[in-house]
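Read through the structure below, which is laid out as structure tokens, and then see the notes.
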Amino acid sequence: MTDLGQQLTDHLRRRAVAATPRYDLKGIEQATSVVSLVDLDDHRPRRAMKRTIVGAVAVAAAAAAVIAIAVMRIPSDKSTVSTPSDHSTVPTSIRVPRGSPAFAAAIEASGLLRSPSADEVAQASQDLYRETQTEVSATGNDASLWTCRAEASAACSNRVVYLTRTRDGGDARRGVLGGASPVDLMLHKLDDRYFVASESSSAQGPSKAWLIDAVSGTAGALSWRDEPTTMNSPTQALLLTNAPSEAGLPRVVDAHDGTIRPLAMPDDVGAGPTIAQHDTGRIWVGTHPQRDRTDLAYSDDGGATWTEIALPERVAKKEEDLLVAAYGDRVAVTSGWVPERMPVYVSADAGRSWTTATPRSDPGDANLAGLYVLADGRLVLTWSVDAHRQALFVSAGSHWTELERTDPKNWTTIESFAG
Amino acid sequence: MVVSGDTGSVDSQVDRVAFGDFYRQELDGQVRRAVLLLGSNDIANDVVHDAFIAVYSRWDSLDEPGPYLHMTVLNGCRGIHRQRSRHRRLLPRLVDRGDPASVDEYLDDVLAELPFNQRAAVVLRFYGGLTTEEIARELGCAAGSVGPWINRALARIRKALR
């Protein structure tokens, strides 16, 4: 090693020795206490991880005994079957949405996406690592997508390169979007796996768009069509919200022919909320069946047919503040920003019946900021306390537990599974 | 023999025991590395604990939490570095920090000015003792990039120390 190298090594060692790790295991457990809350009516068995059993060998005998009990109690079946008799013994785990498997299968069968060539990978690598600034452009639960921005480096000005990396520390994958201009490229998260990149809209609508599979790193061009989707399968379309066309009208991506099409919607659709459901492709929209009244409709077939549901009266009359979240048949809706004046209405049967869930503690002078239905059926509510702090509540059955009232920058884990 | 009356807590206790072991095993090394990458004890601790939170919340689905933690800490450091360089560009330096008093302080300053990849490559090579291929794997880049980064960093450090 050179003198300078040795000097650096000595310096770095001195600095490393001076580092003082802050031991705060409790803080971590508190920050993530959301994962140990147990929903009262939806319990999925946990996977018995090999790592846990290996870890058990190393710990004290008493703790090992507890682990053994837990492992024995865990059913070997990894499916999502409810096990009511085990409610008190098997805490649910949070199932992170991974997008629609059927959509992924259809995309794969279509041959739309291709792997980048070795040249393209080399180009992308060169651009992305030439000490330029790459930006995390979109983040899903499975992967992140980076692009090299034109303003960051002259090297990036002629092409759009992308880098995806799965969040479990897997291999990074790189590629080039053929024929794309980095100027005004917009990125949309389609679900937790697929991203859509599109050029900005013009009067004629966007001319080019690409679908990127962040997990495999493959990409392919999509084409735009003005005809609404008329598919009659729950698995062929996913909602693309805020599409850069026609004032943000919802669009769907048709995995079979590689098109982006307008979503066919009910006649009485309003400017209400539009929600996609990750796993089954169920799409919710707000409707106005009467003047001054808002209800909801959902479609399981990419917009071909719609089922209308009636909201609770108190909510239905307050369209301007409607806040809706859904996952599968579970729907949560509220319309007041002040929680004590308006409960959160919850339905487990797609809106046929409603119950209420009321926060146990009062967030005080705060505004309701977000409502989410987790994949396992629990609800998450966030309130803005002030400019820097938000309060976070998670439901367990009909009760709410306040978890945190801090700067939401610490909430990345919660956002990621709130979908 | 420990028997919990509330068996609902058994499984989460398993998590805590196994996670606690993992935490104690990894904490020191991760904080040291983050300190070297960031130059700040407080921020390094924040980044590492944010990463542990990410690991904890995925504990059941991670087959290998070690590499995941490692990668998350590295990405956290990269994010902090990116914010800093943005701030540096936006804010003119108003206060001259004065002349460094020792070679260590000189080196702190020079390392702080390096682009993240160069700094990370230097730390991984001269503190971690990693090979070029191992550094490339850590940083998720081509092996061919590592050598030039280190050379450029060394040239800069050499110049500053002159």
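Residue numbers begin at 1 in each chain, while the letters A, B, ... track the order of the sequences. Since this is a predicted model, take the numbers as computed values, not measurements.
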Considering all heavy atoms, the nearest B/Asp28-A/Pro21 contact: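 Scanning both residues completely, I find the closest heavy atoms to be OD1-CG, 3.4 Å.
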
Minimum side-chain heavy-atom gap A/Leu25-B/Leu27 below 4.5 Å: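 Contact flag for A/Leu25/B/Leu27 side chains = no.
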
Go through the atoms of [X] and report whether side chain, backbone, both or neither lie under 4.5 Å from a heavy atom of chain A.
X	answer
B/Tyr127	both
B/Val48	neither
B/Leu107	both
B/Leu161	side chain
B/Leu111	side chain

Closest-packed option against chain A by number of heavy-atom pairs under 4.5 Å, given B/Val31, B/Val122, B/Val35: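 Between B/Val31, B/Val122, B/Val35, the count favours B/Val31.
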
Inter-residue atom distance A/Leu12.CG - B/Arg125.CZ, 0.5 Å rounding: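 Going from CG on A/Leu12 over to CZ on B/Arg125, the span is 13.0 Å.
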
A/Tyr23 OH to B/Asn45 CG distance, which is reported to the nearest 0.5 Å: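 So the OH of A/Tyr23 and the CG of B/Asn45 are separated by 13.5 Å.
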
Residues which pass salt bridge (charged side-chain N to carboxylate O under 4.0 Å, His left out) with B/Asp42, listed by chain and number, not counting sequence neighbours: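 Applying salt bridge (charged side-chain N to carboxylate O under 4.0 Å, His left out) to B/Asp42 gives none.
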
Largest heavy-atom contact set with chain B, pairs under 4.5 Å, which of A/Val17, A/Thr20, A/Leu8: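 Highest number of heavy-atom pairs under 4.5 Å: A/Thr20.
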
Pair listing, salt bridge (charged side-chain N to carboxylate O under 4.0 Å, His left out) test, anchored in residues 5-17 of chain A, at least two apart: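 Passing the test, one end in residues 5-17 of chain A: A/Arg14-B/Asp104, A/Arg15-B/Asp108.
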
